[in-house]
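Letters A, B, ... mirror the listed sequences (proteins, then strands); counts begin at 1. Computed from a predicted structure; not experimentally measured.
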Number of protein chains: 4
Amino acid sequence: MTAAGRARRSDVRRNEQVLLDAAAAVFVRAGVDAPVREIAAEAGLGMGTVYRHFPTRADLVVAVFRHQLDGLAVDAPPTAGTPYDVLRTWVDRFADFLITKHGLAAALHSDQAGFESLHAEFVERLMPVLDRLLAASAAAGQTRDDVRAYDLMLGIGNLCIGVETLPDYRARNMIDLLLAGLRVPA
Amino acid sequence: MTAAGRARRSDVRRNEQVLLDAAAAVFVRAGVDAPVREIAAEAGLGMGTVYRHFPTRADLVVAVFRHQLDGLAVDAPPTAGTPYDVLRTWVDRFADFLITKHGLAAALHSDQAGFESLHAEFVERLMPVLDRLLAASAAAGQTRDDVRAYDLMLGIGNLCIGVETLPDYRARNMIDLLLAGLRVPA
Amino acid sequence: MTAAGRARRSDVRRNEQVLLDAAAAVFVRAGVDAPVREIAAEAGLGMGTVYRHFPTRADLVVAVFRHQLDGLAVDAPPTAGTPYDVLRTWVDRFADFLITKHGLAAALHSDQAGFESLHAEFVERLMPVLDRLLAASAAAGQTRDDVRAYDLMLGIGNLCIGVETLPDYRARNMIDLLLAGLRVPA
Amino acid sequence: MTAAGRARRSDVRRNEQVLLDAAAAVFVRAGVDAPVREIAAEAGLGMGTVYRHFPTRADLVVAVFRHQLDGLAVDAPPTAGTPYDVLRTWVDRFADFLITKHGLAAALHSDQAGFESLHAEFVERLMPVLDRLLAASAAAGQTRDDVRAYDLMLGIGNLCIGVETLPDYRARNMIDLLLAGLRVPA
DNA sequence: TATGAATGAGCCTTCATTCAT
DNA sequence: AATGAATGAAGGCTCATTCAT
């Protein structure tokens with residue numbers, strides 16, 4: 001009945017966008033388990049529309065996540081510099097991303113069904129990139145070669161959890177520490 | 001009446017213990033948001049009894065957490081060795097604790113009301129210990145002196161999140177990396 | 001425009017046919033209360049088209065029923081034989097019909113609005129036929145003359161209910177019993 | 001909050017009774033699929049109470065049915081007379097029961113889950129009785145011996161469907177016809 | 001005329017919380 | 001002090017139905 005309602009047939013696409021944005025906002029505000037009603041309200045759409053586009057909550061969460069990832073230029077031409085510098089730059093960008101899109105890092109741990117997709121998306125999209133950078137850096141003898149990109153990625157993700165909720169927690173310092181640890185010979 | 005009164009009071013104590021154990025078990029099984037009914041059932045007590053002892057869920061979570069911390073012999077005589085060794089040992093023990101009592105690390109981030117207590121408890125009980133070890137190690141020139149115990153404690157806690165849910169995530173490796181990072185001169 | 005108009009009109013006809021068949025199929029599969037969407041899908045048409053042709057669900061159910069009745073050659077030249085034989089043959093055919101189009105017998109009892117039409121249709125189309133056969137048989141002294149075609153028709157219909165859902169219920173035996181009862185002098 | 005609410009702890013039993021009666025009433029009025037809310041309202045209780053006593057709708061339906069059956073003195077000493085008379089008397093009583101507790105006969109055909117219990121209850125409680133009567137009558141040479149109690153029971157049940165909804169449908173006449181058919185030699 | 005996206009009422013179900021006993 | 005029955009708010013989900021295109 002709202003203006004958005006009148007839009008109808010035209011932009012199904014736009015609605016999906018609206019929903020993704022709304023969901024992202026609500027997830028930050030109220031967590032990944034926020035009521036569907038709330039997301040619908042935030043989007044100015046009916047609940048049915050949410051379900052039409054994202055049959056299960058997991059679908060929505062995954063879509064939001066993917067949407068966010070699209071924003072992260074993971075493949076962007078890395079800054080010039082030594083392999084280690086490139087690695088650092090990428091990690092910083094990754095941390096920026098996680099810290100900005102607060103809540104997402106934590107959402108990764110939602111034990112609910114559908115979480116697998118979330119995790120899989122995360123792994124499939126990012127790990128190859130990090131893996132490459134890590135290998136290059138190790139090949140150049142700048143970092144240890146016994147650290148798995150998988151663990152590092154998750155570790156960094158974890159370190160970012162709670163940045164907005166834990167008073168005065170400095171995630172970046174810890175990430176720096178982690179990267180510093182990389183340099184030390186095992 | 002005195003005898004009876006004493007008996008009664010000891011009953012109350014016992015119930016509290018039973019509840020704490022039950023809650024801990026249920027938290028592991030079903031998360032910190034498990035139904036009160038389930039906790040009561042696990043304890044073999046009525047729901048009213050749960051509420052009598054712990055008016056809010058936060059009270060219960062905090063109590064469980066404190067209870068767990070009591071189990072962690074944070075003040076136990078540190079192993080012999082260099083300050084850094086002592087630090088490492090303590091961190092290992094801390095990680096053991098968090099990984100064993102799975103869910104607790106994540107619970108720290110529960111945005112619910114009452115979370116503050118949880119966090120406060122955590123900080124008050126553990127930070128002083130870690131702070132001391134860290135200072136000693138730095139004073140001995142074995143580690144950097146620009147890392148705050150607060151961040152390190154939270155960082156380690158974070159790194160332990162998802163050990164049981166993320167497939168094949170090796171938290172310990174990341175913790176090692178973090179500690180290795182400590183050694184590197186800033 | 002005439003040619004186009006004619007074509008259009010024939011399309012409409014075709015759609016109605018398609019819908020009736022689809023609805024019949026879905027009714028069997030999922031009951032008379034099946035989602036409209038499902039019927040539309042089965043027909044390969046839009047939901048709006050279903051509503052255009054059959055504004056209410058009752059309209060659709062009645063139409064399907066009428067459609068089915070059209071298939072039942074109630075007026076087909078009766079088999080040769082005594083009036084009672086003819087009666088039996090018709091009843092058998094009727095039972096075949098009901099058992100085949102399962103669900104329809106039960107649908108007769110749907111208390112919903114629009115049910116009246118269903119019942120009326122049933123009565124108007126079939127009762128006269130049965131009435132005639134019954135009267136002939138009675139006139140020939142082969143069966144009782146105190147049984148109303150109306151009751152008999154409904155009774156037979158009822159006996160067919162649940163053939164597919166009640167395990168091992170033999171409706172035909174009961175129908176035979178009913179017909180046998182007709183022969184006995186009151 | 002209502003007076004019924006205040007009754008609390010005392011009569012859990014009474015509440016179950018109240019619920020059974022309420023459910024029976026609502027089932028007649030609105031079918032076996034009536035909203036739980038409506039049943040709760042009819043009972044003057046909260047919805048949660050319904051769920052506490054009858055976790056699934058099937059549980060409730062079965063309980064209502066059983067409750068009704070308890071009212072039918074199926075084992076009551078049959079009237080004196082020939083075996084066939086006894087049979088007739090029992091069947092009449094059974095028909096009375098079904099016709100009085102309208103809706104129940106139809107409820108037997110609810111295809112939902114839990115229906116099995118309903119059917120089973122029906123079969124287990126009544127069939128043995130009817131079987132005995134039928135056998136006695138057949139042994140006395142008063143009725144056919146090739147009719148199964150199971151079919152007869154279901155047939156009679158079916159014939160009672162729609163007594164209140166089908167205008168002027170005389171179920172009893174059809175039942176009489178069925179019984180008459182029993183006498184005729186196959 | 002046909003379509004199917006959008007809407008939102010309505011029902012189900014779970015659980016935190018109260019409070020009579 | 002302990003109990004657990006009762007309550008009802010809250011949120012999930014499914015369709016019937018409308019109506020812009």
Item checked: Side chains of B:Val36 and B:Tyr51 in contact at under 4.5 Å (non-hydrogen atoms) -> yes
Notebook entry, point to check: Tell me: CZ of D:Arg13 to C1' of F:dA6, nearest whole Å?
Noted result: 18 Å
Margin query: Just the rounded figure in Å: distance from C1' of F:dT3 to CG of B:Leu19.
Written below: 13 Å
Note to self: Which residues pass the side chain to side chain contact (heavy atoms under 4.5 Å, CB included) test with A:Arg37, not counting sequence neighbours?
What the structure shows: A:Met47
Strictly under 3.5 Å: I want the nitrogen or oxygen pairs between protein and nucleotides 10-13 of chain F, one per line.
residue, atom, partner, partner atom, Å
F:dG12, OP1, A:Val36, N, 3.4
F:dG12, OP1, A:Arg57, NH2, 2.5
F:dG12, OP2, A:Val36, N, 3.0
F:dG12, N7, A:Arg37, NH1, 3.1
F:dG12, O6, A:Arg37, NH2, 3.0
F:dC13, OP2, A:Tyr51, OH, 2.8

Notebook entry, point to check: Reading DNA chain F 5' to 3', what string of ( ), [ ], | and . shows its pairs, if Watson-Crick and G-U wobble pairs count only when both distances fall under 3.5 Å?
Noted result: .||||||||||||||||||||
Check: Under 4.0 Å: is that the gap between some side-chain N or O of C:Asn15 and OP1 or OP2 of E:dT1?
Finding: no
Next item on the list: Nearest whole angstrom, please: distance from the P of E:dT14 to the CZ of D:Phe54.
Entry: 16 Å
Next item on the list: Quick one: which residue pairs count as a salt bridge (Lys or Arg N to Asp or Glu O under 4.0 Å) with a foot in residues 45-63 of chain C, not counting sequence neighbours?
Entry: none
Notebook entry, point to check: With respect to the phosphate group of F:dA5, does any side-chain polar atom (N or O) of D:Thr49 fall under 4.0 Å of OP1 or OP2?
Noted result: no
Check: Roughly how many Å is it from CG in C:Leu45 to C1' in E:dG4, rounded to a whole number?
Finding: 12 Å
Next item on the list: Taking all non-hydrogen atoms of both residues into account, name the closest pair between A:Leu166 and A:Ile161 and its distance.
Entry: CD1-O, 4.3 Å
Next item on the list: Tell me which nucleotide among E:dA2, F:dG4, F:dT3 gets nearest to the side chain of D:Arg52.
Entry: F:dG4
Just list the side-chain donor-acceptor pairs under 3.5 Å for residues 16-27 of chain D, sequence neighbours left out, or say none.
residue, atom, partner, partner atom, Å
D:Glu16, OE1, D:His53, ND1, 2.9
D:Gln17, OE1, D:His67, NE2, 3.4

Check: Taking CD from B:Glu38 and C1' from F:dG4, how many angstroms apart are they, rounded to a whole number?
Finding: 17 Å
Note to self: List the residues meeting side chain to side chain donor-acceptor pair (under 3.5 Å) with A:Arg14, not counting sequence neighbours, and say none if there are none.
What the structure shows: A:Asp11
Notebook entry, point to check: Looking at B:His53, does any N or O in its side chain come under 4.0 Å of the phosphate oxygens OP1/OP2 on F:dA1?
Noted result: no
Checklist line | With C:Phe122 via side chain to side chain contact (heavy atoms under 4.5 Å, CB included) - residues at least two apart | finding: C:Phe65, C:Phe94, C:Leu108, C:Leu126, C:Met153, C:Leu154
Next item on the list: Give the C-alpha distance, both sets of side-chain angles, the deciding distance and a yes or no for side-chain contact (heavy atoms from CB on, under 4.5 Å) between D:Val64 and D:Val32.
Entry: CA-CA 10 Å; D:Val64 167; D:Val32 195; over 6 Å; no
Item checked: Gap between atoms CZ and C1', on A:Arg14 and E:dA5 respectively (whole Å) -> 15 Å
Next item on the list: With sequence neighbours excluded, tell me which residues meet side chain to side chain donor-acceptor pair (under 3.5 Å) with C:Glu42.
Entry: C:Arg29
